[in-house]
Amino acid sequence: MMWTMTNIKAYSLLVLYFNTAAGSVNVESDTSKANEYLIEKWEKLYTSNDFNHDGVLSMDDIKLFEKFYKDLDYLSDEHLTEIEKRMDRIWRSIMLNNTKEITKVDFTEMMKERYEADKSIFIEMIRDYISGWCETMDLNNDSFISKEEFLTDMFASQHNDTAKDDEMFLAFNPVNGRIPVEEIINYFIRFATEKNESTSDIFETAMDTGA
Ligand SMILES: [Ca+2]
Ligand SMILES: [Ca+2]
C-alpha cells in the first residue's frame, strides 16, 4: 500500500496518542532518580536523629527521646503510652526499616530506593513520619505548636541549644506565638523530597546550624 498523506497523518496521530498515553503513565509512577542534594539532606536527617550521638540509628535513640517526655512528670500515663507507641512504630518502620539499627549508608540507600520506586508512596511515608512526630509535639492537641511545645521536643531530641532552637522556631513565622501543625508537615515534606537546591529550606538550615 502506498503511504498517502492521510495514512501518514493517521500514523502520526497514533504515535502521538501512544506517546501521550505512555507519558501520563510516567507521571503517575514517577521513577526519576534522587539527586546529590536530596541524598545530602537525608544524611543530615540521619545525623540529627542520632540522639545519643553514637554514630548509628537504633531504638536507643528514640528511647532517649521518650525518656525525656516521661521525666517531664506532667503527662498522664495514658498520654505517655500513646507517645511511646507512636514513636516506636515510626522509628522502627520508617527510620530503621524494621531492623535493629541502620548505618548512614544503608539509611540513605533505603531512602533512595523508596523514593525512586514510587514518589506518592514515599511522600505518604514522610507525611506519616512527620505527622506522628507533630502529634507527639502538640501536647495540648490544638493543632498548633507553641514555643513551649517546640522547645520540649527539641530538648527531647537532645538539641539543647536554646538560642538555635529559638531561631528555628522563629523561622517558621509563628502567628501569635504558634505554628500550625499543617505548616510544619508541609515544610518537612519539602525538605525530604525537594530536589531543587535554590529553594530555601527551614529544616535544612536548622540541621546545618546544629539546632
Ligand atoms: Ca544513635
Ligand atoms: Ca499545641
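Read the numbers this way: they start at 1 and go in the same order the structure lists the ligands and their atoms. The model shown is predicted, which means the values in this text are computed figures rather than measured ones.
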ask   = At the Ca ion (ligand 2), what's the angle from N140 OD1 to D142 OD1, rounded to 10 degrees?
value = 80°
ask   = Is N52 close enough that one of its N/O/S atoms sits under 3.0 Å from the Ca ion (ligand 1)?
value = yes
Step-by-step salt bridge (Lys or Arg N to Asp or Glu O under 4.0 Å) determination, K44 to E204 = CA-CA 8 Å; K44 288 172 190 175; E204 194 198 5; 3.0 Å; yes
Side-chain (E149) to main-chain (N140) donor-acceptor, under 3.5 angstrom = yes
ask   = Should the ring pair W133 and W91 be called parallel, tilted or perpendicular, given that the plane angle runs from 0 to 90° and is split at 30 and 60?
value = tilted
query = Under the side-chain contact (heavy atoms from CB on, under 4.5 Å) criterion, do E148 and L139 qualify, and how do the steps go?
reply = CA-CA 10 Å; E148 210 175 23; L139 293 172; over 6 Å; no
remark   = ang(OD2 D61, the Ca ion (ligand 1), OD1 D50) rounded to 10° is 110°
query = Which of the N/O/S atoms in D138 sits closest to the Ca ion (ligand 2)?
reply = OD1
task = Verify the distance test for D54 against the Ca ion (ligand 1): any N/O/S atom under 3.0 Å, yes or no.
result = yes
ask   = Step by step, would you call F191 with M207 a side-chain contact (heavy atoms from CB on, under 4.5 Å)?
value = CA-CA 11 Å; F191 163 77; M207 287 175 195; 3.6 Å; yes
request  = Please state whether the separation between the Ca ion (ligand 1) and some N/O/S atom of V56 is under 3.0 Å?
outcome  = yes
query = Would you call the rings of F188 and F203 parallel, tilted or perpendicular, where under 30° means parallel and over 60° means perpendicular?
reply = perpendicular
request  = Have a look at the Ca ion (ligand 2) and estimate, to 10 degrees, the angle subtended by OE2 (E149) and O (F144).
outcome  = 130°
